A.B. asks: 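Pasting a structure here, questions to come.
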Amino acid sequence: MAKYVIGSAWPYVQSVPHLGNMIGSVLSADVYARYLRSKGHDVVFVSGSDMHGTPIEVEALALGVDPADYARRMHEIVSELFKRWNISFDLYTNTHSDTHIKFTQEFFMKIYENKYIFTREDEMPYCPRDKIFLPDRFIIGVCPYCGYERARGDQCERCGRLLEPRLLKSPRCAICGATPEWRKTTHWYLDLRKLEEPVRKYVESNKYLPQNAREMSLGILREGLRPRAVTRDNKWGIPAPFPGAEGKTIYVWFEAVLGYISAVKEYYERRGQPEKWKEYWLDPETKVVFFVGKDNIPFHVIILPALILANGGGYTMPTTTASTEYLNYEGDKFSKSRRWGIWIDEALRLLPVDYWRFLLVYMRPENRDVDFTWAAALDVINKVLNDDVGNFFHRVLSFIKSRAGGAVPRPGPQASEDEAFIKRVLSLVESAEAHYEAVELREALMDGVEITREGNRYLNARAPWQLVKERPEEAGTVLYNAYWAVKAAAVVLYPVMPSSIEELWRMMGLGGPITWQEARRAPEPGAQLGDVRPLFKKVSQEEYKAMMQELEKMRNERWSKKYPWEQVVL
RNA sequence: AGCGGGGUAGGCCAGCCAGGUAGGCCGCGGGGCUCAUAACCCCGAGGUCCCCGGUUCAAAUCCGGGCCCCGCUACCA
């Protein structure tokens, strides 16, 4: 048994996450955490809403509401949605919690005392009307290269050139249109140059990192780490604790990643064990695993380890960051502004949650970007989830129910093909285990599916519906073996579809917890089956059309609402 | 521009790191079974493995060059 801290990237609560966010972080982390628990490991699974930062501040300003209020409302909604997605967080908190704020301030003071922080005065664009400093992308002007009139300060969307706000002609504030002025302001920088070597050593010696995380991180290190500003002139954020930094806040990216530590602390505080978090975060034996999309790699593989090193407090270095590529939607990136994609609230209105969980893990972009298309999704539901998996479960259980007395038969002598079948099933369980360990969730799921395919082949070859007439004892053996395969597949697929598999477990007449050992353990003959029904069903073309109409209707309604929290469908 | 990923049957992909009869799923054609959700099983057709060159007895796999697609580039969270 090992100790694990599992973290999924902290969703930014400006809006509800979409399916791509879900498979990249939260859902993948949940599947992995559930797998680890089924193996009996000691797991703390945490995440929370990222509440601070300019986008929320600006959005709140535009809507005329308090940013804290905005973030809190969205946080509550997202928390509720994750519950409905059956995410087994031990704690889903947010970056505005007292514990997190205090922890962050102390953590950065320690870094400051360790001399990794220096100050520098910069000139930054400032909107005199909104009275805020503007991040690059909140300045709009004419592109100096192509003349595009609505180029942003970081990049021109028409010609793709990287820009700086000073290059823009006739710059104006993206919020109110006023002309920004340049104001001097002091910022506190983290001196990443001093951390480059230890971070490089960390990355190079980390044998668990997925290839994309390794390549991207080494690429960044090759270019050399540069100091980065830790402070911002935002109002909405965690007050910077440094002497003389009154009125400044900590840049969201530098505090949100500390949430993985502070959330474990908060979890045990709430349980009345305020010191227990140290058994995780201060024990180098603890395995710390993060789940993020590829855009998040630098902050988890470079920045957080650098912060931990700079702090020097002996916090456990992350074991790995399980990073995915992107899930696209019907050929294009998910885009909130273009309303392109499916959001996790809508999704629950369209299909049962386990269908989504299965679909997303099946399509998990482990090696490259993957395109979510409805055509492919229906195919997976109808051919794989329903026909291969669901039908095999039902085929075996309903047969035992109707032709074998409704209880798990006692097996007789095993013929060589029976033995070969069990061996094959157990080797697939082993393969699934290896894949789960390597965080190859899609492959683990495929092993589970393969067990049911093998099961179907086995039944066709042994034809127990014939045997039951002439050699009932042999039929019992075959059904016993098939039942074992159902159990093995159930255990392998349990982390992906917890509620469906729990129901299956009851149908199988099994009472105990769904643990990994159950996959290998021979079933007990005589166990009475419960009521048996098909777990899944197909989605017909008509139902699909109805679904699309429902989606359309939903969207017309929600997007006519003013406030983001009113736009959510619950 | 730099960095990263990719180009394999009608579709989606595995194989490439550790060269040696080109695999899987879907779709298509044929057959079987009838326990099961018109499900399941078997057989078959179908491929210039992006292009050019090199190394090798042998290259989808290694090396060089080229073409095309996609993502990232960190005050965008």
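Bear in mind that the values here come from a model prediction, so they are computed numbers and not experimental data.
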A.B. asks: Between C1' on U34(B) and CG on N456(A), what's the gap in Å once rounded to a whole number?
C.D. replies: 14 Å

A.B. asks: Please state how far atom OH in Y189(A) lies from atom P in A74(B), giving the value in whole angstrom units.
C.D. replies: 15 Å

A.B. asks: When the distance from CE of M446(A) to P of G24(B) is rounded to whole Å, what number comes out?
C.D. replies: 13 Å

A.B. asks: Would you check if there is a donor-acceptor pair between the side chains of T321(A) and Y208(A) at a distance under 3.5 Å?
C.D. replies: no

A.B. asks: Should C62(B) form a Watson-Crick or G-U wobble pair with both distances under 3.5 Å, which nucleotide is its partner?
C.D. replies: G54(B)

A.B. asks: Is there a Watson-Crick or G-U wobble partner for C28(B) with both distances under 3.5 Å, and which nucleotide is it?
C.D. replies: G44(B)

A.B. asks: Expressed in angstrom and rounded to an integer, what is the separation of L190(A) atom CG from C75(B) atom C1'?
C.D. replies: 14 Å

A.B. asks: What pairs of nitrogen or oxygen atoms, one from the protein and one from nucleotides 9-11 of chain B, lie under 3.5 Å apart?
C.D. replies:
none

A.B. asks: Donor-acceptor pairs under 3.5 angstrom involving side-chain atoms of residues 360-371 of chain A: please list them, not counting sequence neighbours.
C.D. replies:
from, atom 1, to, atom 2, distance (Å)
R364(A), NE, S28(A), OG, 2.8
R364(A), NH1, E366(A), OE2, 2.9
R364(A), NH1, V439(A), O, 3.4
E366(A), OE2, L441(A), N, 3.0
E366(A), OE2, R442(A), N, 2.9
D369(A), OD1, K294(A), NZ, 3.0
D369(A), OD1, Y326(A), N, 3.0
D371(A), OD1, E330(A), N, 3.3
D371(A), OD1, G331(A), N, 2.7
D371(A), OD2, G331(A), N, 3.0

A.B. asks: Is the CZ atom of R226(A) crowded by more than 12 outside heavy atoms at less than 6.0 Å?
C.D. replies: no

A.B. asks: If we take the C1' atom in both U73(B) and C28(B), what is their distance in whole Å?
C.D. replies: 45 Å

A.B. asks: Could you identify the nucleotide paired to A1(B), looking across every strand shown and requiring Watson-Crick or G-U wobble geometry with both distances under 3.5 Å?
C.D. replies: U73(B)

A.B. asks: What's L378(A) touching, base or sugar-phosphate or nothing? Going by heavy atoms closer than 4.0 Å.
C.D. replies: nothing

A.B. asks: Quick one: label Q466(A) by what it contacts on the DNA or RNA (base, sugar-phosphate, nothing), any heavy atom closer than 4.0 Å.
C.D. replies: sugar-phosphate

A.B. asks: Would you classify G390(A) as touching base, sugar-phosphate or nothing, given that sugar-phosphate means primed atoms plus P, OP1 and OP2, and contacts are heavy atoms under 4.0 Å?
C.D. replies: base

A.B. asks: Quickly work out the L467(A) CG to U34(B) P distance and round it to whole Å.
C.D. replies: 12 Å

A.B. asks: Would you mind pulling out the nucleotide paired to A38(B), Watson-Crick or G-U wobble, both distances under 3.5 Å?
C.D. replies: none

A.B. asks: Determine the interatomic distance between P on A58(B) and the same-named atom on G54(B); round to the nearest Å.
C.D. replies: 12 Å

A.B. asks: Looking only at the side chain of K333(A) (C-beta and beyond, no hydrogens), which of the listed nucleotides U37(B), C72(B), C40(B) gets closest?
C.D. replies: C72(B)

A.B. asks: On the ring face of Y116(A), is K194(A) found with NZ or CZ under 6.0 Å from the centre and within 45° of the axis?
C.D. replies: yes

A.B. asks: I'd like to know if the side chain of H100(A) pairs up with that of N94(A) as donor and acceptor (distance under 3.5 Å, no hydrogens or angles considered).
C.D. replies: no

A.B. asks: Could you check whether P135(A) gets within reach of a base, just the sugar-phosphate, or nothing at all, counting any heavy atom under 4.0 Å?
C.D. replies: sugar-phosphate

A.B. asks: Side-chain contact test, heavy atoms from C-beta onward, threshold under 4.5 Å: evaluate it for L190(A) versus I117(A) and give yes or no.
C.D. replies: yes

A.B. asks: What does N391(A) touch in the nucleic acid at a heavy-atom separation under 4.0 angstrom: a base, only the sugar-phosphate, or nothing?
C.D. replies: base

A.B. asks: Below 4.5 Å, heavy atoms only, C-beta onward: do F254(A) and F108(A) meet side chain to side chain?
C.D. replies: yes

A.B. asks: Not counting sequence neighbours, which residues clear side-chain hydrogen bond (donor to acceptor under 3.5 Å, both in side chains) with E181(A)? List them please.
C.D. replies: R183(A)

A.B. asks: Does a donor on one side chain sit under 3.5 Å from an acceptor on the other, for D122(A) and Y189(A)?
C.D. replies: yes

A.B. asks: Quick one: which of L218(A), I297(A), V203(A) gives a side chain to side chain contact (heavy atoms under 4.5 Å, CB included) with L209(A)?
C.D. replies: V203(A)

A.B. asks: Atom pairs under 3.5 Å, N or O on each side, protein against nucleotides 26-30 of chain B: can you list them with distances?
C.D. replies:
from, atom 1, to, atom 2, distance (Å)
C26(B), O2', D379(A), OD2, 2.9
G27(B), OP1, K383(A), NZ, 2.7

A.B. asks: For nucleotides A60(B) and C50(B), find the distance between their P atoms and express it as a whole number of Å.
C.D. replies: 10 Å

A.B. asks: State whether R193(A) and E196(A) are salt-bridged, where the test is any N-O pair (Lys NZ or Arg NE/NH1/NH2 against Asp/Glu carboxylate O) under 4.0 Å.
C.D. replies: no

A.B. asks: Please give the distance between the C1' atoms of C13(B) and G6(B) as a whole number of Å.
C.D. replies: 12 Å

A.B. asks: Any donor-acceptor pair, under 3.5 Å, between the side chain of R395(A) and the base of C40(B), if you only look at N and O atoms?
C.D. replies: no

A.B. asks: Give me the distance, rounded to whole Å, that separates U55(B) from C70(B) when you measure between the C1' atoms they each carry.
C.D. replies: 31 Å

A.B. asks: Rounding to an integer number of Å, can you tell me how far D295(A) CG sits from A74(B) P?
C.D. replies: 12 Å

A.B. asks: Pick the P atom in G20(B) and in C63(B), then give their distance to the nearest Å.
C.D. replies: 15 Å

A.B. asks: Of the non-hydrogen atoms in L307(A) and F107(A), which two are nearest, and what is the gap between them?
C.D. replies: O-CE2, 3.5 Å

A.B. asks: Distance check, C1' atoms only: C52(B) and G32(B), in whole angstrom units.
C.D. replies: 49 Å

A.B. asks: Distance between the C1' atoms of C42(B) and C33(B), in whole angstroms?
C.D. replies: 10 Å

A.B. asks: Under a 3.5 Å cut-off for both contacts, is C49(B) paired Watson-Crick or G-U wobble with anything, and if yes, with which nucleotide?
C.D. replies: none

A.B. asks: Mind checking if F536(A) touches a base, just sugar-phosphate, or nothing, with heavy atoms under 4.0 Å?
C.D. replies: base

A.B. asks: When you check the gap from the basic side-chain N to the acidic O, do K537(A) and E543(A) get nearer than 4.0 Å?
C.D. replies: yes

A.B. asks: With the criterion being N/O to N/O and under 3.5 Å, what pairs connect the protein with nucleotides 2-6 of chain B, and how long is each?
C.D. replies:
from, atom 1, to, atom 2, distance (Å)
G5(B), OP1, Q211(A), NE2, 3.2

A.B. asks: The side chain of Y326(A) lies closest to which of these nucleotides: C72(B), C40(B), C35(B)?
C.D. replies: C72(B)

A.B. asks: Check the distance between C75(B)'s C1' and I250(A)'s CD1 and give it to me in whole angstrom.
C.D. replies: 14 Å

A.B. asks: Which nucleotide, U37(B), C41(B), C72(B), lies nearest any side-chain atom of N460(A)?
C.D. replies: C41(B)

A.B. asks: Distance check needed: C40(B) C1' versus F399(A) CZ, whole Å only.
C.D. replies: 14 Å

A.B. asks: Would you say the side-chain atoms of Y251(A) and N234(A) include a donor-acceptor pair closer than 3.5 Å?
C.D. replies: no

A.B. asks: Would you list the pairs meeting ring pair (Phe, Tyr, Trp, His ring centres under 6.0 Å) in which at least one residue belongs to residues 376-407 of chain A, sequence neighbours left out?
C.D. replies: none

A.B. asks: Go through C35(B), A74(B), U37(B) for me and flag the one nearest to the R226(A) side chain.
C.D. replies: A74(B)

